[in-house]
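Pasting a structure below so you can have a look.
Positions are given from 1 along the sequence. Scope of the values below: all heavy atoms of this structure, side chains included, with no hydrogens, waters or symmetry mates. It should be emphasised that the depicted structure is a prediction, and the values quoted were computed from it without experimental measurement.
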Amino acid sequence: MFGITKSFENLDVHKQKRIIDAALKEFKEKGFEQASTNQIVKDAGIGKGMLFYYFNNKQDLYLYLFEYCLEMVEKKFFGAIDNGEPDLFERLKKIVLVKFDFLSKYPDAMNFIGTILLNDPIDENLTSRIAALHETGYAKIYGNLDYTLFKEEIDVPKAINVIRWSIDGYENELKQRLRGQNLSSLNYEPFIQEFFCYLDMMRTWFYK
């Protein structure tokens with residue numbers, strides 16, 4: 001995987017975690033270009049030569065972290081979403097709370113993914129994996145809904161498209177607002193309440 005060596009895979013899990021945590025911290029705070037491998041090895045408590053013994057280069061380390069965090073998102077975030085909730089707007093609110101809970105438990109992983117979403121990916125593999133992640137998310141969000149909650153005159157599939165496009169637009173606008181900010185120090189509560197407000201508005205437009 002992206003130049004990772006067997007030597008890293010065979011490391012003690014605690015030492016692996018030290019390296020991963022140190023690298024996530026550096027990359028999420030400074031991005032790929034400005035991140036210092038000297039700082040990573042210092043925080044991890046290893047020699048610089050050992051870092052490149054475990055990973056071929058800085059980019060391979062970065063791509064490994066991306067896959068590591070993506071797997072965590074897929075298992076621990078998407079796995080926690082209840083798509084048995086038939087009310088779309090209630091499901092969306094619950095998903096936001098799940099995301100906030102995930103962020104509180106795994107802040108470095110979530111913020112690392114956030115820095116990639118807020119900036120241009122350094123590798124085309126990241127772009128395709130992010131697209132696949134979005135598809136998985138859409139299936140979790142918009143599948144198995146109760147269409148009878150919508151107003152009778154509403155074309156439900158088109159309404160869901162409008163809701164989806166509105167959420168995508170909000171997320172893109174939010175990315176622009178957050179670009180360049182330190183995601184680790186942000187208070188996300190105002191953004192949650194702002195999002196809930198938009199959901200409540202759309203509920204009145206589309207539901208009975």
Ionic contact status for E90 with R203, cut-off 4.0 Å:
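Answer for the salt bridge query: yes.
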
With a 6.0 Å cut-off on ring centres, are Y207 and F89 close enough?
yes

Within a radius of less than 6.0 Å around NZ of K58, do more than 12 heavy atoms belonging to other residues, nucleotides or ligands occur?
yes

What is the minimum heavy-atom distance between A44 and R18, and which atoms define it?
O-NE, 2.9 Å

For the CD atom of Q39 and the CZ atom of F27, what is their distance to the nearest 0.5 Å?
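Here the rounded value is 12.0 Å.
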
Hey, is NZ on K75 packed in by over 12 heavy atoms from elsewhere, all under 6.0 Å?
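Counting other residues, nucleotides and ligands, NZ of K75 stays at 12 neighbours or fewer.
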
So CG of L11 and OH of Y54: to nearest 0.5 Å the spacing works out to 4.0 Å

Atom NZ of K15 and atom CG of N10: how far apart are they, to the nearest 0.5 Å?
12.5 Å

Would you say the side chain of L145 lies within less than 4.5 Å of the side chain of F150, judging by non-hydrogen atoms?
no

Linked, directly or transitively: W165 and Y170 (ILVMFWY side chains, under 4.5 Å)
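No, because W165 and Y170 fall into different hydrophobic clusters, even though each may have its own neighbours under 4.5 Å.
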
Inspect the surroundings of NZ in K42 and state if more than 12 heavy atoms from other residues, nucleotides or ligands are less than 6.0 Å away.
no

Surrounding CD of E152 (heavy atoms of other residues, nucleotides or ligands, distance under 6.0 Å), is the total greater than 12?
no

Measure the CG-CG distance between N38 and L51 for me, rounded to the nearest 0.5 Å.
10.0 Å

Find out whether Y147 and I160 are in side-chain contact, i.e. whether some heavy atom of one side chain is under 4.5 Å from a heavy atom of the other.
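In short, these two side chains touch, coming nearer than 4.5 Å.
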
What are the two closest non-hydrogen atoms of F195 and L92, and how far apart are they?
CE2-O, 4.2 Å

Count the heavy atoms belonging to other residues, nucleotides or ligands that lie under 6.0 Å from NZ of K48, then report whether that count exceeds 12.
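Above 12, so yes.
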
Are any side-chain N or O atoms of E26 and backbone N or O atoms of S36, one a donor and one an acceptor, separated by less than 3.5 Å?
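It does hold such a pair.
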
Would you say the side chain of F191 lies within less than 4.5 Å of the side chain of E194, judging by non-hydrogen atoms?
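Heavy-atom side-chain distance check passes, below 4.5 Å.
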
Using a 4.5 Å cut-off on heavy atoms from C-beta on, say whether the side chain of M50 contacts that of I19.
no

Shared hydrophobic cluster, V162 / M201 (ILVMFWY, side-chain heavy atoms < 4.5 Å)
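Yes; M201 is reachable from V162 via cluster members.
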
Flag the pair Y106 / F77 as yes when their ring centroid distance falls below 6.0 Å, and as no otherwise.
no

Test side-chain contact (heavy atoms from CB on, under 4.5 Å) on F196 and L97 and set out the steps.
CA-CA 11 Å; F196 281 7; L97 295 177; 4.3 Å; yes

More than 12 heavy atoms of other residues, nucleotides or ligands under 6.0 Å from NZ of K140: is that the case?
yes

Beyond-backbone contact of L88 with F206, side-chain heavy atoms, under 4.5 angstrom:
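A side-chain contact under 4.5 Å is absent here.
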
D108 versus K28, closest heavy-atom pair with distance
OD1-CE, 2.6 Å

CD of Q34: more than 12 outside heavy atoms within 6.0 angstrom?
no

I'd like to check F32 versus Q59 (side-chain heavy atoms, cut-off strictly below 4.5 Å). Are they in contact?
yes

So, do F55 and L65 sit near enough that their side-chain heavy atoms are less than 4.5 Å apart?
no

Is the shortest heavy-atom distance from the side chain of L174 to the side chain of E171 under 4.5 Å?
no

Assess whether atom CD of E71 is packed by more than 12 heavy atoms of other residues, nucleotides or ligands within 6.0 Å.
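Result for CD/E71: open.
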
Determine the minimum heavy-atom distance between A159 and I154, stating which atoms define it.
CB-CG2, 3.5 Å

Rounded to the nearest 0.5 Å, what's the gap from CG on N57 to CG on D60? Could you check?
4.0 Å

Are the ring centres of Y62 and F112 closer than 6.0 Å?
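Between Y62 and F112, the centre distance is under 6.0 Å.
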
When rounded to the nearest 0.5 angstrom, what is the spacing between CG in N161 and CZ in R164?
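It comes to 5.0 Å.
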
Can we say K94 and D101 salt-bridge, meaning some charged N sits less than 4.0 Å from an Asp/Glu carboxylate O?
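Answer for the salt bridge query: no.
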
Residue that, paired with I40, satisfies side chain to side chain contact (heavy atoms under 4.5 Å, CB included) out of D21, I46, L61, L24
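It is L61, the one option of D21, I46, L61, L24 that forms the side chain to side chain contact (heavy atoms under 4.5 Å, CB included) with I40.
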
What is the minimum heavy-atom distance between L199 and K93, and which atoms define it?
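Shortest heavy-atom separation between L199 and K93 comes out as CD1-CG, 3.7 Å.
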
